[in-house]
Amino acid sequence: MKVAVLVSGGGTNLQALLDAKAAGRLPEAEFVSVISNRKDAYALERAKAAGISAEVLSKRKFASSEEYDIALRDLLLAKGAELVVLAGFLVVLGPAVLQAYRNRILNIHPSLIPSFCGDGAYGLRVHEMALARGVKVTGATVHFVDEGTDTGPILLQKAVAIHEGDTPESLQLRVMQEAEWQLLPKAVDLFTRGKVHFTNGIAWIDEQDS
Ligand code: GAR
């Protein structure tokens with residue numbers, strides 16, 4: 001299955017996907033394109049190092065969000081993408097992309113949704129929110145993307161303990177190491193092998209693969 005990955009930053013989650021592919025753990029996933037909204041995203045270098053087409057589609061080049069949405073959809077379709085993975089992509093998707101890829105867009109979020117998610121909850125801020133609230137367990141979630149912010153069907157979650165003395169940075173790194181870099185390749189593997197189905201808007205993994 002052809003997979004496109006959308007990025008905005010460092011791309012450690014993209015790297016986890018590329019490493020899983022190189023290790024033979026994503027037999028049905030073919031990475032056809034990495035697209036960034038920022039030209040300085042280090043994720044672009046990671047894609048190039050792996051021999052994958054890397055492109056920049058900057059919002060600033062478009063007169064409106066609607067035009068950007070349509071251009072992104074057209075680029076994804078031109079690449080033949082069948083699954084779209086948001087790996088730290090910080091642009092909110094519009095209706096053109098969402099309609100073309102209904103239940104075919106995965107996002108990784110660095111908390112246990114529905115905690116610490118929604119508008120304004122991204123990157124380091126999510127960990128600042130978790131520490132400020134004093135929760136003892138956080139984690140990461142892979143979910144499908146719908147019209148809301150972090151509201152789509154949940155596919156995988158993994159819990160991570162919070163330690164006394166954690167900073168947003170130390171917590172971000174532990175959530176990545178213990179949860180994100182494992183969950184995202186696993187989600188892509190399950191989806192590309194046809195192991196995910198939906199019942200009444202809820203995502204399920206076929207039992208023998210869970
Ligand atoms: C990751 O922690 C990801 O979960 C988060 O941005 C980071 C990107 O890191 N995404 C969100 O907060 C989305 N709401 P990366 O570029 O190194 O993969």
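Every value quoted in this text rests on a predicted model; they were computed, and no experiment measured them. Indexing begins at 1, ligand by ligand and atom by atom, following the structure's order.
Here the heavy atom of the protein found nearest to atom 16 (O) of ligand 1 is Gly11 N, 2.8 Å. Closest protein heavy atom to atom 11 (C) of ligand 1: Pro110 CD, 3.6 Å. Of the protein's non-hydrogen atoms, the one nearest atom 10 (N) of ligand 1 is Ile108 O, 3.6 Å.
Under 4.0 angstrom from ligand 1, there are no non-hydrogen atoms of Ser8.
Of all atoms in ligand 1, listed by their number and element, those nearer than 4.0 Å to a heavy atom of Ala121 are 14 (N). Numbered from 1 in the order shown, with element, the atoms of ligand 1 that lie under 4.0 Å from a heavy atom of Met176 read 1 (C), 2 (O), 9 (O), 17 (O).
Checked for salt-bridge contact, Glu147 and Arg102 meet the test: a charged N lies under 4.0 Å from a carboxylate O. A salt bridge links Arg193 to Asp189: at least one charged side-chain nitrogen sits closer than 4.0 Å to a carboxylate oxygen. Between Lys21 and Glu30 there is no salt bridge, since none of the side-chain N atoms of the basic residue sits less than 4.0 Å from a carboxylate O of the acidic one.
Heavy atoms of Ala41 stay at 4.0 angstrom or farther from ligand 1.
Under the 4.5 Å side-chain heavy-atom criterion for grouping Ile, Leu, Val, Met, Phe, Trp and Tyr, Ile154 is not connected to Leu86 through any hydrophobic cluster. Hydrophobic clustering of Ile, Leu, Val, Met, Phe, Trp and Tyr side chains at less than 4.5 Å, counting indirect connections, keeps Leu184 apart from Leu112. A single hydrophobic cluster is seen to contain both Leu18 and Leu183, as judged by linkage of ILVMFWY side chains at heavy-atom distances under 4.5 Å, directly or through other members.
Judged purely by atom type and a 3.5 angstrom limit, Ser64 uses its side chain to pair as donor or acceptor with the backbone of Glu67.
For atom 6 (O) of ligand 1, the candidate residues are Gly118, Gly9, Gly88, Ala43; the nearest heavy-atom contact is made by Gly88. Here the shortest heavy-atom distance to atom 4 (O) of ligand 1, taken over His109, Arg125, Glu180, belongs to Glu180.
Any N or O atom pair closer than 3.5 Å counts here, and Thr12 shares at least one such pair with ligand 1. Considering backbone and side-chain N/O atoms, Asn13 comes within less than 3.5 Å of an N/O atom of ligand 1. When only interatomic distances are considered, the shortest N/O to N/O separation between Gly123 and ligand 1 falls below 3.5 Å.
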Checklist entry - Could you walk me through whether Asn37 and Ser58 pass the side chain to side chain donor-acceptor pair (under 3.5 Å) check? => result CA-CA 4 Å; Asn37 65 307; Ser58 169; over 6 Å; no

